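Naming: A, B, ... by sequence-line order, numbering from 1 per chain. Every value quoted in this text rests on a predicted model; they were computed, and no experiment measured them.
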Amino acid sequence: MKLNRQQELAVRHVDGPILVLAGAGSGKTRVIVKRIANLITDAGIYPWHILAITFTNKAANEMKTRLETMLQESDSRKITVGTFHSVCTRILRFEHNALKLSRNFSIADEANQLTRIKRALKETGANPDILTPKLLISKISRAKNQFETPETWQNKSGYNPFNKTFAEIFQLYQQGLKADQSLDFDDLITETVRLFQNEPHILSKYQDKYRYILIDEYQDTNNAQYMFVKLLSGRYRNVMAVGDDDQSIYQWRGAEISNIINFHKDFPGAKTIKLEQNYRSTQIILTAASALMRHNKKRNPKTLWTDIQGGELIHLETWLNDKEEARAICRNITNKVNSGFRKYSDYAVLYRVNAQSRVLEEAFQSQKIPYRVVGNTSFFKRKEVKDLLAYIRLVLNTGDSVSCRRILNVPRRGIGKTTLNDLEEVAVRNGTDLFSSIGLLLQTNQLNSRKHQSLEAFVSLINALKKIDQENNAEDVVRHLLQMTGYRESFVIHASAEAKASIEIIDEFVNTVADYVVHGDGSLSGFADYLSLYSDDEDGDLGADTNQVQLMTLHNAKGLEFTGVFIAGLEEELCPLIRNNKESLSAELLEEERRLLYVGMTRARQELHLYNAERRFLYGREMVRQPSRFLYEIPSESLKQVDHARDMMQKTKSNPAAARKSFNSGDRVLHATWGTGTVVDCSGDGPTAKVVINFDRGLKKKLLAGPANLVHLNRNISRIKT
DNA sequence: GGGTATATGTCAGCA
DNA sequence: ACATATACCC
């Protein structure tokens, strides 16, 4: 397809800063890829001078693949494509000396951060109900991205006790990371920026290396990432920032929309190009999505347009509950596929929170529809993966005490609480890491022989693995690791289904490392980075079953497109999400939620299906739901609306059989006015039976079964029982 | 020291 | 409903 005028201008741009405001579906990835190709083939720029930064690893891989098809392999290989985190990790590992950091520093993932925060909370004795671990992590993240340190917080905390506690925890957290030779995700960026600031010759080297910088999803960059770009581009100023303020959905984690708005101030003389033609969606879908977005006040007005006239109306279906919703989605997809014009992979089901995937997965399984949950990091959250990763981290960096503590007694080797406490004490007293403290404790000769033996065995195990790592690839190390620790065998003994699942995960882990050795550099440290930075699980073997429906969160759908999109759970408090009933939704958050739905809607090419349910099982209980306010912001002429919940209620109402059912205490029932409740007592039979019900909204009512038209919620009984 | 039963908190989104 | 944290027992 030919480029349009604006796209052409962006692709042909060579020198100087340029901002590309690219609306949804306006072909921005194509523009970035073509411009890179153009820089090399037409402008004669060396490929190693080009740095392309994407938001996810997935996007990076896709870009690499597309570049490979357009360029000679010798060229495409030399272009640097990656996320901020992966690019910075590479720089830090290379320049570790200047930072007085081990080359094999560990990357602390979220779980690792959490254990550190919890420990710091305990140490300070702060109340974890007010400063919750999660809140602390996000506060620290924000502080770091503003280049604030525990010290600056100490100074500015003044008399505010919360700030003071925060400063203390921040300090402990940071000390812990440092002692363990670990960096968290934010450090990866901020430490690179500090390196650039403190070592002009290093900055100069990289400025010279990366003369052409392209950044995708610029609306989602944070302050530290901005600083990185600003410094790195300082000499040549060849920055192309591509983004769309309407698709900014990461402000919650520090993304600053001002980066895109202030681009001209930051890079004087910058060109601006607006891509407003949408090549993806039908007029109907685009009109509806634009109408939704007009409710946002803080945005640059824009007029997206499309050549793809008309199209199907957007379907809006209301169901009685989340199970019915999931079943309906499955039925609709099956019908479409059976019609012969669509395949499973044409469809994606999007939702606001990962917890929604469960009901959907159950429905897909029972209807035998092939599906894949995208971006769900469940594999990386598995205990087995964390354990093995902890081993790897410890082998690479024995200073990593958090990892050491995790696997010191996994599998069981008789090093329990008491010994661990002793070791920690030795570590603190000598100012060493946990692993070194084992050697120190062994020297004291104060241990009984059993303890002595198991500790000694552990040390030699790790040392042996270190040696193996020096001469072998990551796969060999992992295989030796499993063999020497007996980790896999520790599950084989148990015949339980749980143990079987564990073994499957371990085998999958081995496959992952084998795959990495084939496709990556094969090193253990490279593999550890891969595991730490690639939280979106790529599904290495994409060749297998690709004809699957994709399930993912709205966030994960960014940058993707599908022929048909189903969005589930369009209800108040879920979309827009309100986590805390006490807290009201700020205007900023509401607008971000709206943008998130906008991103979801604009993923659709031909079909868009929206769903809401009147009841939903969430946070451990069934809740009565209200339709999302966003549904009222979509013009009704774009919608084809069916209320199946109402139909179902009416059907049961007109069916006297329902009234004849007798009720038992414990039964879950539904009443047209009072909603759901639990039967606590029932006397009599048939329509004249007197039923006492505790309604979920807090009312207790005595009703006559007949006129009350109670509906048995049998479909929910299995859930309520457990 | 280790395993299991019970209590408690969590399900926001991501690199 | 699930996962983790602690409490308690062997």
Side-chain angles (χ1 to χ4, degrees), chain A residues 53-60 82-89 107-111 113-115 118 122 128-129 132-135 137-138 141 145 183-189 217 220-222 224-225 248-255 350-359 362 374-378 380-383 409-421 448 450-451 454 529-537 552-558 569 573-580 589 592-593 595-596 599-600 616-623 716 718-722:
Chain A
I53 297 175
T54 58
F55 191 73
T56 62
N57 292 293
K58 197 176 180 179
T83 62
F84 278 103
H85 293 89
S86 68
V87 170
C88 288
T89 302
I107 297 170
D109 53 34
E110 209 177 334
Q113 286 179 288
L114 217 54
T115 44
K118 282 179 186 166
K122 255 190 195 153
D129 295 334
T132 62
K134 278 211 148 174
L135 180 70
I137 287 182
S138 96
S141 173
N145 282 314
L183 299 181
D184 65 20
F185 286 123
D186 296 309
D187 290 334
L188 294 174
I189 319 287
E217 311 284 7
D220 284 324
T221 52
N222 65 29
Q225 291 164 340
S248 157
I249 54 175
Y250 285 97
Q251 287 180 35
W252 57 271
R253 71 170 220 220
L350 311 182
Y351 37 81
R352 179 62 243 260
V353 301
N354 272 315
Q356 285 173 264
S357 76
R358 189 186 198 95
V359 207
E362 277 167 13
V374 176
N376 187 345
T377 55
S378 57
F380 298 93
K381 285 195 177 125
R382 288 286 308 217
K383 177 170 85 51
N409 198 30
V410 177
R412 307 256 123 87
R413 47 173 74 90
I415 306 170
K417 278 181 264 185
T418 328
T419 317
L420 180 60
N421 282 339
N448 65 41
R450 243 212 356 246
K451 260 190 199 173
S454 37
D529 282 351
Y530 167 81
L531 287 183
S532 309
L533 296 173
Y534 281 53
S535 76
D536 46 54
D537 99 77
M552 69 189 90
T553 60
L554 288 163
H555 281 92
N556 248 307
K558 186 162 91 160
E573 303 193 8
L574 191 56
C575 186
L577 186 83
I578 300 171
R579 203 190 154 199
N580 225 325
L589 284 176
E592 180 147 316
E593 294 290 314
R595 290 193 293 269
L596 189 55
V599 167
R616 183 174 298 275
F617 214 75
L618 268 178
Y619 307 104
R621 63 200 172 91
E622 195 185 44
M623 302 203 277
N716 289 322
S718 61
R719 286 164 165 181
I720 279 112
K721 262 193 209 155
T722 46

Would you please confirm or rule out a distance under 4.0 Å between OP1 or OP2 of [N] and any side-chain N or O of [X]?
X	N	answer
A:Lys134	B:dC11	yes
A:Asn57	B:dA15	no
A:Asn354	B:dG13	yes
A:Thr56	B:dC14	no
A:Asn409	B:dG2	yes
A:Lys118	C:dA5	yes
A:Arg352	B:dC11	no

Nucleotide [N], atom [atom2] - distance to [atom1] of [X] in whole Å:
X	N	atom1	atom2	value
A:Lys122	C:dT4	NZ	C1'	12 Å
A:Arg358	B:dC11	CZ	C1'	12 Å
A:Ile137	B:dA15	CD1	C1'	14 Å
A:Ile53	B:dC14	CD1	P	21 Å
A:Leu135	B:dT10	CG	P	12 Å
A:Leu183	B:dA15	CG	C1'	14 Å
A:Ile249	B:dA12	CD1	P	17 Å
A:Leu114	B:dC14	CG	P	16 Å

* Asked: Taking atom P in both B:dC11 and C:dT6, what distance in whole Å separates the two?
  -> 16 Å
* Asked: What distance, rounded to whole Å, do you find between the two C1' atoms, one in B:dA12 and one in C:dA5?
  -> 23 Å
Could you check whether [X] gets within reach of a base, just the sugar-phosphate, or nothing at all, counting any heavy atom under 4.0 Å?
X	answer
A:Thr419	sugar-phosphate
A:Gln356	nothing
A:Phe84	nothing
A:Lys558	nothing

* Structure fact -> Residue pair A:Lys417/A:Leu577 against DNA chain B: nearer the 5' end by closest nucleotide is A:Lys417
* **Which residue lies more 5' along DNA chain B, comparing A:Trp252 with A:Thr132 via nearest heavy atoms** => A:Thr132
* Asked: Can you check whether A:Phe84 and A:Phe55 have ring centres sitting under 6.0 Å from each other?
  -> no
* Do you know which two heavy atoms are closest between A:Gly569 and A:Cys575, and how far apart they sit? -> O-CB, 4.0 Å
* **A:Lys558/A:Asp220 ion pair, N-O < 4.0 Å** => yes
* Might you confirm whether atom NZ of A:Lys383 has over 12 heavy atoms from other residues, nucleotides or ligands at distances under 6.0 Å? => yes
* Asked: Hey, does A:Leu618 have a side-chain heavy atom less than 4.5 Å from the side chain of A:Glu573?
  -> no
* Asked: Is there a donor-acceptor pair closer than 3.5 Å between any side-chain N or O of A:Arg595 and the backbone N or O of A:Ser248?
  -> yes
